[in-house]
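Each remark here refers to the structure printed beneath this line.
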Amino acid sequence: MVTEVRTGDTVVRLDGVRKEYGETVALDGVSLEIRAGEAVAVMGPSGCGKSTLLSMIAGLDRPSAGTVVVHGEKVGELSEKGLALYRRRRIGMIFQFFNLIDDLSALDNVALAAQLTGTAARQARRRALELFEELGIADRRNAYPAVLSGGERQRVAVARALMNRPALLLADEPTGALDSRAGEQVMDLLLDLNQIGQTLIIVTHDEHLAQRCASRLVQLADGRVTGEHTLEPSA
Amino acid sequence: MSAVWKAARAAVRRRRLQTLVIWLVTLVSTGSMVVALGLVDAASAPFDRVFGKQHGPHVVAEFDAGKVTDAQLRDTARTSGVEAVAGPFPQATVEIPRGAQDLGLGGDIRVVGRSGPGGSVDRVHLWAGRWPTRPGEMVMNRQSDWTANALGKKFHMPSGPTLTIVGFAFDLSDTADVWVAPDQIAALHPNATQMLYRFRDASSQNALRAGLAGVTEGLPRGALAGSRTYLSIKHQVGSAARAYAPYLLAFGVLGILVAVLIVANVVGGAVVSGFRHIGILKALGFSPGQVLSVYLVMISVPAVVGCALGTLTGNLLAHPFFRFVFTGPDSGVLRDSVGIAPRVNALALIGMPLVCVLAALGPSVRARRLSAARAISAGSAPRAGRALGIQRRLAGLRLPRSVSLGAGLPFARPARSALTLAAVVLGVTTVTFASGLATTMTLFGDGGKGAYDVTVYADNYVKGKVVLPVHGDRDLQSLLGSLPGAARVTARADEDAQFVGSTKRVWIEGRRGADLPLDDVLVRGRWMHRPGEVVVGSAFLRRNGVDIGDHLRLRRSGREEEVTVVGEILQDNDQVVTGTWPTFTALLPDGKAFSYHVKLRKGADPTAYARAARAVDKGLSTQLTGPNSGAETIIGSATALTLMLALVSSLGVFNTAVLNTHDRRRDLGMLKSIGMTPRQVTVMTVTSMAVLGAIGSVLGIPLGIAAYEVVVPRMAAGVDLTLPSYMTDVWHAPKLAALALAGLVIAVLGALVPARRAARLTVAEVLHSE
Ligand SMILES: Nc1ncnc2c1ncn2[C@@H]1O[C@H](COP(=O)(O)OP(=O)(O)O)[C@@H](O)[C@H]1O
Ligand SMILES: [Mg+2]
C-alpha cells in the first residue's frame, strides 16, 4: 500500500528556498534533504514558516526563490495542471482542521481522491473501504463529517491522504485540533505507517509527540532552519 | 459609527467582485425597469393623456339647424350634469375638389365655423400656421407627424368659395375635418349645429346616454340629428396602442419581476455568504446593531449608486428606444405623448433601493440574532438530508467526478439555488416568449412581402399643384407593364359606398390585373374570382356580424349591388370590401384606379423603374415598397428587451456562481490539494450552474410558451386581427432545442468567470486565510 521507493534514496531536496508574501518573508533560504522512509518532525514557534514549508513541498504554492525537487521533479517549474497531477500522484496531505467536504459521506470523501484521477466509483469505494478497515473506522463509513468526532475526522483525512499511495505524507499539526487521547491515536497511526515504509513529514508543536514518532527533528525560526538532529525512535 | 464604516469599507474591499456585481445588477435591472415601466405607461393610456390635455368633449352632438335655435342650444349648458359646453358651432357638409383628397380626406368633409382653437371644451392643438380669421381661410385637422408643406394651398370648392390653408390643427376628438372663421361658414350653407359637451359622469356609455337625454329634454322633437361619444374614438385611437400594450405589458411585468428577483437574490446572497465574517465581527465585540449596520452599508452603497445610475441610463435609453418603437403609421398620438413619467423615475429611485434594503434586511436580521460561534461555524453546519442523498447517488455515477460533484452543489444550498433558478426560469421564459413573438411578427411582416416592388400613384404634386395623368387608366396599366423590368402590374381603386341597412360607410376596393391578392394574406375561405365576390378583413366580419358565405348589399350614387363574402383576409380596417374590377365598376361605372402595384423581374432595379414610370406621365408619382415598420418595431423592441433581461438573468447567475465559489473556497483549496486540476475545478463550477440552467430551461420554456399563447392572440384581437395558423404555429423542435440551450448558455456564461477564478486559486493562500 506504500509506493516502492528504496529506503535511503533522497525523496525531497530543498535548496535555498525563499518565500515572500508581500512584505512578510515566510521562508528565508531553507535547504533540506529528506530520504525515503524517514519521519521528519518540523517544529518551531507559530508563524515561523512551518506550513509554508509544507506548501512548498506539496506544490500548493511556488517558492519565490530556490528550488524544491521531489523525486527528481522541480516542483516550482510545473504548470498548474502539472502541479495538480504532482499532488495527486506523489503527495498525501493532512490538515489541522481536517478539511473534509461536508456534503459527502466519510467514504465518498475518501473515494473522491481516487475518482479525481478517473478511477470508477465502485473501485474507488472499494479501496476506500480497505483503508477504513485498516484505520479502524469502517463502521463510520456512511457518516457525514458533521457527526464525526475530531479523531474520526482526522482518520478519514488520513485515509484520503493515503488513497493514491503517495510517496510523501505531509501532516500540518494533525493533532492540533484534537484532545490528547485522540491526538495520540492519530500519531500512533502515522508512526505505524512510517514503520511500513511511508515517508512522513509532520509539523507539530508537541515535542513529546515529535520525540515519539520522528526519526529526525528540524527546528525552524523566522523562516530559517536553526537546528536539525536525528532521534532514536522510542517505539 | 466610524467602526461600522471602517468594517463596511474593509468588507467591500475584500469583496470587490461581489460589490461590482451588486452595482452592475442594480444598474442594469433598474435601467430595464425604467424602460419597461415607461413602455407600460405609454402603452396603457395614450388616449387619456391627450384627451385630458385637450379637454375633449365626452359627447359631440349634431343638431338640425332647422328645428332648434342657437339660443335654445346655449341654454342646454345649464342642464344638470353638464360640466362644460362648447358651441353652438355651425356645421356644413362640403364636397371637395379631387386634388384635396390626398390630404387624407374623403369625398365629403365636415366644415365647422369656429372662432378659435381654445375654450373650455375641445382645445384643439394648432401646431402649424394660424387660426382662420377672415373669409377664404381654413385650418385642417391633421396629426402633427404630417408635414405642413401644404400651407398656403388653395382649394376651389365645387360649391363656390375658394379656401386657403392657413393652419394645421390636431383634434383627437375629430369634431371637424376643416375649421373656418364664423364669417365664412354662411357661404358654405351650414345645415347643422355642433355642440360639444363634457359631463360630470362620463364613466360609461349609459351615463353619457343619460346625460345627453337630459340635454335634449327641453328641445323640440327630432332636434338631435346625431351624436358620438368619446368612448368610440377612444376605442379607435387606442387600437394601435392596444396592439402593443399586451406585449409591452408582458415584457414590462417580466422585466420588473426579473429585476426585483435578481436584486433580492444578489443582495440576500451577499449577506448569507457573510455569516462567517459576521461571526468574526461579533467576536471582535461588534454589537448586533452594528453588525446589521455594517451589512446594510456594505450592500446599500453600491446598490443605491447602481439604482441611481440605472435610472439615468434607463432615461437615456428610453428616448431612442421609444422613438424606435413608436414609428408605426398609427402611432402618431403615442409618439406625442410618450416619455418617462416622473412617477416612473420616482418608483425606480425609491423602489429599487427599497427592494435592496429589504432583501438585505431579512438575512441581516437573522445574522444579528446568530451567536458568534454559530455564525463562524455556519460553513460547516450539517446539511439537509435530501442534498446528502443526491450527493451520494451522484458519487456513484459513471461520470467524471468533477461533473458529478458540481451537479450536487446546487442542492447543498437550496435557498440560494432556488433564487438563482427563478432568475434563470424568468430569463428563459422571456427569451422563449420573445422568440415566439418575434417569429410571429416576422411572418406577419413577411405576409405579402415582395408582392410588389413599386407603387405608382395616379397623381402628382408639382410646386404645390396637383397634376393628373394625361393617359387613361387602362393605358397607364399597359404602359407601366411594358416598361423594362416590369413583371406584372395590378391596378387598385377604392371609393366609399353605403352599406344598405346600416348607416355605416364602407370602402369598396377593386383590383384589376394578374395579382389580385397583392400584399394581403388570406386567413380563411378563398380569394375573389367572379364578379360580385369579395374578401373582407376579420374586423369587418366581427363588427358587422357577417361571416363567409353571407351576402351584403352596397349602394353608391343610386346604384345597388349584392356581393358575396368568400374570404377573410388579414386586415384591421373594418370598412374595406375588396373585389375584382367588375365588382367595383358595377357600383362605379367610371371608377379609375388610383394606384398601380408593380412587381419587377428578378434583378430589376426598383429605383430605375420608378424613374422610368415617372417619365411616362407627369401625372404619376412613385413609391418604393419599404419594410414593414410595425413588425420591425416589435421585433426590434422584443430583441432589445430580451437581450436586456437575458443580461440581467446572466448577472444573477454570475453572482450566484461568485458567491458559491466564495463559500466553497476552503473546499476548493482542499480539492486542489488532493490533486484536482484547474480544469476539473472549472468543470465542477460550471456544471453546478449548468444544472440550474437545465432545470431552468425545463421550467421556463413551457412558461414562455404559455405566455405566448395568452398574449399573442389577445394582441391580435386587440386590433381586430385573426392571425392565420401558420403565423402562430411557431414552436418547432429545433427552436425548442435552441431555447433549451439558451438557458444553459445563460447559466454557463454566468459561471465561467468565477469558475476560472476558482481554478486559479492558490491553495496555500486559501488554506492560510481560512
Ligand atoms: N498565503 C499567505 N499570505 C500572506 N501571508 C502568509 C501566507 N501564508 C503565510 N503567511 C505568513 O507567512 C508567515 C509564516 O506562516 P506559516 O507558514 O503559516 O507559519 P506557521 O505554520 O509556522 O505558523 C506568517 O507571518 C504568515 O502570516
Ligand atoms: Mg501553520
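Naming: A, B, ... by sequence-line order, numbering from 1 per chain. Just so you know, these numbers use all the heavy atoms, side chains as well, and skip hydrogens, waters and symmetry mates. This structure is a prediction, so every number in the text was calculated from the model and none was measured.
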Checklist outcome for this item: Looking only at A121(A), P145(A), A84(A), the option with the highest number of non-hydrogen pairs under 4.5 Å against chain B is A84(A)

Checklist outcome for this item: Highest number of heavy-atom pairs under 4.5 Å with chain B among T52(A), L83(A), I91(A), L112(A) belongs to L112(A)

Item to check | Heavy-atom contact with chain A under 4.5 Å, split by part of L671(B) | outcome: both

Checklist outcome for this item: Applied to residues 746-760 of chain B, the salt bridge (charged side-chain N to carboxylate O under 4.0 Å, His left out) test, sequence neighbours excluded, yields none

Next on the checklist: Would you compute the distance between atom CG of D172(A) and atom OG of S673(B) and round it to the nearest 0.5 angstrom?
Outcome noted: 11.0 Å

Checklist entry - Which region of S51(A), side chain (C-beta onward) or backbone (N, CA, C, O), has a non-hydrogen atom less than 4.5 Å from a non-hydrogen atom of chain B, or is it both or neither? => result neither

Checklist entry - Going by heavy atoms in the side chains, are M670(B) and M93(A) under 4.5 Å from each other? => result no

Item to check | Within 6.0 angstrom of D179(A) CG, more than 12 heavy atoms from elsewhere | outcome: yes

Checklist entry - Applying a criterion of heavy atom separation less than 4.5 Å, what residues of residues 677-685 of chain B form contacts with chain A? => result T677(B), P678(B), Q680(B)

Checklist outcome for this item: If one checks every heavy atom of Y21(A) against chain B at 4.5 Å, the contacting part turns out to be side chain

Next on the checklist: Would you compute the distance between atom CG of L116(A) and atom CZ of R401(B) and round it to the nearest 0.5 angstrom?
Outcome noted: 8.0 Å

Checklist entry - Would you say R88(A)'s side chain and I674(B)'s backbone share a donor-acceptor pair under 3.5 angstrom? => result no

Checklist entry - Which value, rounded to the nearest 0.5 Å, describes the distance between I101(A) atom CD1 and D667(B) atom CG? => result 4.5 Å

Checklist entry - How far does CD of Q115(A) sit from OG of S404(B), to the nearest 0.5 angstrom? => result 6.5 Å

Checklist entry - Between atom NZ of K672(B) and atom CG of L60(A), what is the distance when rounded to the nearest 0.5 Å? => result 9.5 Å

Checklist entry - Does some side-chain heavy atom of L405(B) sit less than 4.5 Å from a side-chain heavy atom of L104(A)? => result yes

Checklist entry - Which region of R62(A), side chain (C-beta onward) or backbone (N, CA, C, O), has a non-hydrogen atom less than 4.5 Å from a non-hydrogen atom of chain B, or is it both or neither? => result neither

Item to check | Closest-packed option against chain B by number of heavy-atom pairs under 4.5 Å, given M56(A), R125(A), K81(A), M163(A) | outcome: R125(A)

Checklist entry - Can you say whether A120(A) sits under 4.5 Å from chain B via the side chain, the backbone, both, or neither, judging by heavy atoms? => result neither

